[in-house]
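Below is one structure, written out as structure tokens, with a few remarks after it.
No experiment lies behind these values; they were computed from the predicted model shown. Along the sequence shown, residues carry numbers from 1. Keep in mind that the numbers below use all heavy atoms, side chains included, and drop hydrogens, waters and symmetry copies.
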Amino acid sequence: MKTRKGYSAYPLTVAQKFHNYYSQYCPGKEILNIGSSLTIEFQLNIEELRKAIYKAYERCESMRARLAYDKKEKEWYQYIVEREEREIPFVDFSDKTMEEAEAEMTAWTRVPFDKEDAPMNRVVIIKTPDGFEGMYIAGDHRFMDAQSLIGFLKDVIELYCSANFENVPYPADTRSYIQQLEKDLAYEAGGKAQARDREYFYKQIEASEPIFNGIDGPGRLEEARKAAGNPALRTAPTGSDSFAADIDIFHLEEEPTRRLMDFCEAHHVSLQCLLIMGIRTYLQKVNQCDDVSLQVAYARRATLLEKKSGGTRIHCFPFRTVIPEDKTFLEGVLEIRDKQNEVFRYVNFNPAEYLAHRRQCYPSAPGTGYETISLTYQPATLREKGLTDLGEIRYKTKRYGNGYYADGMYLTVMHRPEDNGLDFSFEHQVKAYSRQQLEYFYYYICKIMFKGTETPNLKIGDIIKLV
């Protein structure tokens, strides 16, 4: 076993190496950062909150992670320190505008975690100009994803509530990041499970070549065909020649969100399936093509160990469906559900190997591909036990962009803590897509989902005509 500073050192997992892969092409290593804040309309005891944060660090191994580089092997390793003793500062934004406060927190998000043997996250206790109090957190994506971020924030709040409010129970134990890491590395070393997963995905890839569908129609594909002198080309540029990126967020209110959730509950499907149906039907409409692919992020948090061990566990795979217009909306959603349930069984496989094999089968120019959008739906929410113990106290979250994104567009759909409505958060290369294009895209995704959930037995072709 390799060691560093007296601690056991482990290789990075496939999920972590993926972030290393795309970051090497970006001019700024802050492309790996994710930043967020959670604030509450309540006067918090700053020292007690600081104690809760330290306790949450103690309970979460992945938040105490460090990186080390082996120059001989030219490989990164990770290890977990025993405790986090660094300062947790308090910043009062009361004398600033909300725009100024958010600009400063965005600047914090754009400071990379690129040093060996150094913390891979930072936490700041904050008071915002609207009188809300709470904390800002930034982390390196190699050790944090949306679900582990929510898990850490939730643990801090539950620890604070347990220590400062009567009859609030101490939160349940977290799980060991190292234990889960060892399981992941054992899978990646090879074996029957990996061979089974490889066979499944290779068979999917080799069946036939997908085709690019743009959010504005087939224009990009037609231009790529013309430039290549190949009218049969099926790939097109998925982004731009610049990594510069922004985040544009569109809000769906609580009542219409509830209607979508009620449909999902009634038909035993996840909201992710409904979102995929909305996106693919819009792409089907504007490209006049039944064969639609998008990238889908899989959180890989099925077991209690996976859910509560922190870290980053996301694997992204292309998700392709060929659903003709004469099928009903409900038939389309159920087909997606069944295909998603099938894919879930194999998602521990290496996505980089998937893409490498697909390029081997269907050679394509650098920067081109078939998927115009990546999607993640984050069902985990802070609106659960812990914060409900605060009664009717309002609280809110905010994402901050790191300024870069590796591809054209990534849509994250999450529940707002204020009202459980949905936020559609588009992280996108600014040169690839404008806010106006994304607003139009969002509008039609929602229009299709509502028309389909209201009249699920309507044919897809009829919905396409009606919207």
Side-chain angles (χ1 to χ4, degrees), residues 12-22 141-142 145-147 184 187-188 190 193-213 234-236 238-239 269-280 283 291-303 306 311-323 332-333 335-362 364 367-379 405-413 427:
L12 301 189
T13 65
V14 160
Q16 292 173 306
K17 287 177 180 176
F18 173 70
H19 297 300
N20 275 350
Y21 171 75
Y22 66 73
H141 218 336
R142 288 169 290 188
D145 59 23
Q147 195 150 327
D184 290 335
Y187 168 89
E188 291 170 17
Q194 189 189 65
R196 176 205 64 194
D197 298 346
R198 178 178 289 112
E199 182 183 5
Y200 170 79
F201 279 121
Y202 276 32
K203 186 177 178 182
Q204 298 282 314
I205 291 166
E206 292 162 9
S208 64
E209 185 180 10
I211 188 167
F212 177 88
N213 290 279
R234 295 172 75 86
T235 58
T238 54
V269 298
S270 70
L271 184 61
Q272 177 161 298
C273 294
L274 186 56
L275 289 163
I276 292 171
M277 186 63 185
I279 292 167
R280 74 154 319 280
L283 294 174
D291 185 348
V292 178
S293 297
L294 60 150
Q295 286 272 3
V296 175
Y298 299 96
R300 299 192 307 132
R301 293 192 187 271
T303 68
E306 290 169 344
T312 189
R313 300 199 51 74
I314 293 171
H315 279 185
C316 286
F317 289 97
F319 183 73
R320 181 184 183 187
T321 49
V322 183
I323 305 177
V333 172
E335 185 173 324
I336 288 168
R337 179 196 65 186
D338 293 345
K339 183 76 181 291
Q340 284 279 287
N341 288 342
E342 180 181 295
V343 170
F344 282 144
R345 298 200 293 268
Y346 305 97
V347 294
N348 283 326
F349 190 62
N350 184 348
E353 184 181 337
Y354 176 107
L355 295 173
H357 186 67
R358 190 170 72 170
R359 279 192 298 272
Q360 190 175 24
C361 292
Y362 314 109
S364 58
T368 66
Y370 308 97
E371 293 81 30
T372 193
I373 181 172
S374 296
L375 169 71
T376 183
Y377 166 58
Q378 180 49 259
Y405 181 55
D407 207 348
M409 174 182 16
Y410 194 129
L411 171 59
T412 301
V413 181
E427 188 169 10

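Residues passing the salt bridge (charged side-chain N to carboxylate O under 4.0 Å, His left out) test with Glu188: none are found, sequence neighbours excluded.
Note that CG of Asp145 and OG1 of Thr312 are 4.5 Å apart. Values are rounded to the nearest 0.5 Å. Atoms CG and CE, from Leu294 and Met409 in turn, are 10.0 Å apart once rounded to the nearest 0.5 Å. The OH atom of Tyr377 sits 4.5 Å away from the CG atom of Leu271 when rounded to the nearest 0.5 Å. For the atom pair CG (Asp407) and CD1 (Ile373), the distance works out to 11.0 Å, reported to the nearest 0.5 Å.
Taking each heavy atom of Ile314 and Ala15 in turn, the nearest pair found is O-CB, 3.8 Å. Cys273 approaches Gln340 most closely through the heavy-atom pair SG-CG, 4.2 Å. Nearest heavy-atom pair across Arg358 and Pro210 is NH1-CG, 4.1 Å. Across every non-hydrogen atom of Ile323 and Glu335, the tightest pair is CG1-OE2, 3.7 Å.
Residues Pro318 and Gln204 fail the side-chain proximity criterion, which asks for heavy atoms closer than 4.5 Å. The closest side-chain heavy-atom distance from Val413 to Thr376 is not below 4.5 Å. Looking at Ile336 and Val269, their side chains never come closer than 4.5 Å, going by heavy atoms from C-beta outward. Leu375 has its side chain out of reach of Phe319: every pair of non-hydrogen atoms, C-beta onward, lies at least 4.5 Å apart. You'll find the side chain of Ser270 stays beyond 4.5 Å of the side chain of Arg337, heavy atoms only. Using a 4.5 Å heavy-atom cutoff, the side chains of Ile276 and Leu274 are not in contact. Within the 4.5 Å cutoff, no side-chain heavy atoms of Gln295 are placed close to those of Pro351. Put simply, the side chain of Met277 does not reach to within 4.5 Å of the side chain of Gln272, judged on heavy atoms.
Using bins of under 30°, 30° to 60° and over 60° for the plane-to-plane angle, the ring pair Tyr298/Phe344 lands in the perpendicular bin. Using cut-offs of 30° and 60° on the angle between ring planes, the pair Phe201 and Tyr354 is perpendicular. Relative ring orientation between Tyr410 and Tyr405 is described as perpendicular, the plane-to-plane angle rising above 60° on a 0-90° scale split at 30° and 60°.
Checking each of Thr13, Asn350, Asp197, Asn348 against Tyr187 for a side-chain hydrogen bond (donor to acceptor under 3.5 Å, both in side chains) leaves exactly one that passes, namely Asp197. Of the residues listed (Tyr362, Tyr370, Phe212), the one engaging Arg234 in a side-chain contact (heavy atoms from CB on, under 4.5 Å) is Tyr370, and it is the only one.
Using a cutoff of 4.0 Å between basic side-chain nitrogens and carboxylate oxygens, Arg280 and Asp291 are not scored as salt-bridged. At a threshold of 4.0 Å, the pair Glu353-Arg198 counts as salt-bridged, since one of the basic side-chain nitrogens sits closer than that to a carboxylate oxygen.
No donor-acceptor pair closer than 3.5 Å links the side chain of Arg320 to the backbone N or O of Ile211. Side chain of His19 to main chain of Arg142: no donor-acceptor pair is present (N/O by atom type, distance under 3.5 Å, no hydrogens or angles).
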Self-check item: Worked check of side chain to side chain contact (heavy atoms under 4.5 Å, CB included) between Tyr22 and His141
Solution: CA-CA 12 Å; Tyr22 66 73; His141 218 336; 4.2 Å; yes
Practice problem: Take Arg300 and Asp184 through the side chain to side chain contact (heavy atoms under 4.5 Å, CB included) test and state the conclusion after the steps. | Solution: CA-CA 11 Å; Arg300 299 192 307 132; Asp184 290 335; 4.2 Å; yes
Quiz item: Between Val14 and His315, does a side chain to side chain contact (heavy atoms under 4.5 Å, CB included) hold up when you go through it step by step?
Solution: CA-CA 9 Å; Val14 160; His315 279 185; 3.8 Å; yes
Quiz item: Checking side chain to side chain contact (heavy atoms under 4.5 Å, CB included) for the pair Tyr200/Phe349: CA distance, chi angles, key distance, verdict?
Solution: CA-CA 10 Å; Tyr200 170 79; Phe349 190 62; over 6 Å; no
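A donor-acceptor contact closer than 3.5 angstrom links the side chains of Glu206 and His357.
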